[in-house]
Protein chains: 2
Amino acid sequence: MQFKDMINKGKNISATIAVCKSNDEGVIKAVVKAVKNTNANFILFDEQPQDELIRSFNLTHDEFNRIKIIQTEDEAHTISECVKSVDDGQADLIMKGLVATSTLLKEVLKDKYNLKTESRMSHIALFNVPEYHKMLAISDVAMNISPNKEQKIVITRNLVACLQKIGIDSPKVAILSAIESVNPKMQSSVDANEIVSYFRKEMPKLEIEGPLAFDAAINKRASIIKNIDSNISGNVDGVVVPQIESGNILYKSLIYLSKADVASVIFGAKIPIILTSRSDSSRDKFHSICSALMLI
Amino acid sequence: MQFKDMINKGKNISATIAVCKSNDEGVIKAVVKAVKNTNANFILFDEQPQDELIRSFNLTHDEFNRIKIIQTEDEAHTISECVKSVDDGQADLIMKGLVATSTLLKEVLKDKYNLKTESRMSHIALFNVPEYHKMLAISDVAMNISPNKEQKIVITRNLVACLQKIGIDSPKVAILSAIESVNPKMQSSVDANEIVSYFRKEMPKLEIEGPLAFDAAINKRASIIKNIDSNISGNVDGVVVPQIESGNILYKSLIYLSKADVASVIFGAKIPIILTSRSDSSRDKFHSICSALMLI
């Protein structure tokens, strides 16, 4: 699966996206691009008037009609009205605008809505890295801070489910550490080994390996030099990082030093939540919209 | 400071390098390149005969005379004879060949040699990343697994001393986390804040900031969007990573996905130790030799 194929498939899906705190140039730019290039419709929630900002973009009458603007009383209402719109079926998914991630997710998880699942939510970043031959998914780079083994199992399960929804029937997944053997002093290597054992029992068809260092995961030559016997080396679809710092640093390095494109979503609620970093480009925000459309 | 300037300066320094377990094509290739392009001499220690491998490279008589070959009885002697050669002044620094890092370092730290200092040893990787405007140092990506605050202070001090030896009188250093504020749930952010406080008191002239996320450290635009007031954003000389996994994953990503060159050394013993990854290219091993020559 190539990143561009996923983006293109997403473009053809009709759905309505509720945007929480949308009054931001970068967010509106991505919304406008989505209206012009996909079948998505939008409901924008903000306590600030946002008509003028939207009208400053060059939209046709028909395009403008695909954007519903809701001005709310205050931030609390912006968030609750936005989540409610998804809960009562007006919208199909949520996009995070200029609101704190934790505030938005806390609302989504409230008992009064029917949006929770049995699963823990996790963040999945889908990358197009020029130096890698296919799309690379990385999780969790933004939400679960220091996941234990059980939480990493959920993160891995969410990652596999996400990749399968996108069309990768049999994803190849690496559980990352800094080494390929188990060292009791390096908890990530112990976790990786146990996670792989768990999935080999629970999902025997899943191609999963770990602990693997990142070079062995993405480069076959590296694993040959290191004398590692791996079926997925150099060809992984997704990697699970040891903790938020390694994921976050990798994410930022790929964006700024590897010229990568990214699409980001929160997976594990009943609906996908489009969640990008404030410093991500509107191009990345647009890609996130397209990829999330595939996950409904 | 540009990476190539450091490499060029190192080339002019005369010194003798003891190579531990040198009988490896990649290591010998780097040694031969160093003999042809620097003023360094070598003593190669291995229990396997290595004359034939060395002679297979195209060396002149004078070049060959700058390489002393010592064949030892067994691996234990290879390691002890190599370290002894530095301890008794025959050689000025050590290069790691096909030997486990921990085995070599254990020998270096033995009381019978005079190679220990008061400091903890740490690994420093010096990068030339095409998308970054100057040399970027990263520590510790390979040695200290899960350093606590005190250990990170030593890692930071070693990093600063290394950068100053290379010629960066006033290095700009970022202590990395995944966020820019202190969150008690994210230990790396707590550590970073305390490390920065420590250095502001102990080395008031040092330009050090943290916690910083990697994007804010290496890109000014990212810190502006995030509304972070930083004097070093977009211009750091060195970063301290939260733990070995984030450093290792970043290292491998820069090599394989950002087309970076790297030079790696262990700093904190009386002599620098050239320590590269098995999967690093002989070009990187050559760069490591040149950079280590600046650190004697």
Side-chain angles (χ1 to χ4, degrees), chain A residues 26 102 127 129-132 136 138 141-143 145-146 176-179 183-189 192 211-219 221-228 234 239 241-260 277-281, chain B residues 26 102 127 129-132 136 138 141-143 145-146 176-179 183-189 192 211-219 221-228 234 239 241-260 277-281:
Chain A
S102 58
F127 280 96
V129 188
E131 291 294 314
Y132 193 60
L136 181 65
I138 304 179
V141 308
M143 200 176 155
I145 293 178
S146 185
L176 295 186
S177 180
I179 46 175
N183 177 350
K185 288 182 191 158
M186 200 184 292
Q187 188 58 41
S188 60
S189 71
L212 279 181
F214 190 58
D215 57 342
I218 59 161
N219 188 281
R221 194 181 147 270
S223 69
I224 290 170
I225 290 173
K226 288 173 158 187
N227 210 13
I228 298 157
V239 298
V241 295
Q243 68 284 93
I244 198 169
E245 291 98 340
S246 48
N248 188 278
I249 290 172
L250 176 60
Y251 181 108
K252 301 302 171 52
S253 177
L254 293 176
I255 299 287
Y256 288 96
L257 303 178
S258 304
K259 298 184 177 180
S277 174
R278 282 165 294 172
S279 55
D280 284 342
S281 66
Chain B
S102 57
F127 280 97
V129 189
E131 291 294 313
Y132 193 61
L136 181 65
I138 304 179
V141 309
M143 201 178 155
I145 293 178
S146 185
L176 296 186
S177 180
I179 46 175
N183 177 351
K185 287 182 191 159
M186 200 184 292
Q187 188 59 40
S188 61
S189 70
L212 279 180
F214 190 58
D215 57 342
I218 58 160
N219 189 281
R221 194 182 147 268
S223 68
I224 291 169
I225 291 173
K226 287 173 158 185
N227 210 13
I228 298 157
V239 298
V241 294
Q243 68 284 93
I244 199 169
E245 293 97 339
S246 49
N248 188 278
I249 291 172
L250 176 59
Y251 180 109
K252 302 302 172 50
S253 177
L254 293 176
I255 299 287
Y256 287 95
L257 303 178
S258 304
K259 298 183 178 181
S277 175
R278 281 166 293 172
S279 55
D280 284 342
S281 66

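Chain naming here is simple, since letters A, B, ... match the order of the sequence lines and numbering starts at 1 in each.
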Does any backbone or side-chain atom of [X] lie under 4.5 Å from a heavy atom of chain A? Answer side chain, backbone, both or neither.
{"X": "B/N248", "result": "side chain"}
{"X": "B/D280", "result": "neither"}
{"X": "B/I218", "result": "side chain"}
{"X": "B/I224", "result": "neither"}

Please look at A/I145 and chain B and tell me whether the side chain, the backbone, both or neither of the residue comes under 4.5 angstrom of a heavy atom of that chain.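 Only the side chain of A/I145 comes within 4.5 Å of chain B.
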
Which atoms of A/S146 approach chain B - backbone, side chain, both or neither, heavy atom under 4.5 Å: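 It is neither, since no heavy atom gets under 4.5 Å.
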
Could you tell me which of A/V241, A/I225, A/V141 has the largest number of non-hydrogen atom pairs under 4.5 Å with chain B?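 Top count of heavy-atom pairs under 4.5 Å with chain B: A/I225.
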
When only pairs under 4.5 Å are counted, which of A/L250, A/N219, A/L254 shares the most heavy-atom pairs with chain B?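 Winner by heavy-atom pair count: A/N219.
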
With sequence neighbours excluded, residues passing side chain to side chain contact (heavy atoms under 4.5 Å, CB included) with A/I228: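 A/I228 satisfies side chain to side chain contact (heavy atoms under 4.5 Å, CB included) with A/E180, A/L212, A/A216, A/S223, A/K226, A/S230 only.
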
Measure the shortest side-chain to side-chain distance between [X] and [Y] over non-hydrogen atoms and say whether it is less than 4.5 angstrom.
{"X": "A/Y132", "Y": "B/L257", "value": "yes"}
{"X": "A/F127", "Y": "A/I255", "value": "yes"}
{"X": "B/V129", "Y": "A/S253", "value": "no"}

Residue pair A/E131 / B/Y256: nearest heavy atoms and the distance that separates them: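 Heavy atoms of A/E131 and B/Y256 come nearest at CB-O, 3.8 Å.
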
Please report the closest heavy-atom contact between B/S246 and B/Q243, naming both atoms and the distance.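 Reported closest heavy-atom pair: OG-OE1, 2.5 Å.
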
Name the member of B/I249, B/D215, B/L176 that forms the most heavy-atom pairs with chain A at distances under 4.5 Å.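 Maximum pair count with chain A is reached by B/D215.
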
Taking atom types as modelled and ignoring hydrogens, do the side chains of A/S188 and B/E245 form a donor-acceptor contact shorter than 3.5 angstrom?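 Side chains of A/S188 and B/E245: pair found under 3.5 Å.
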
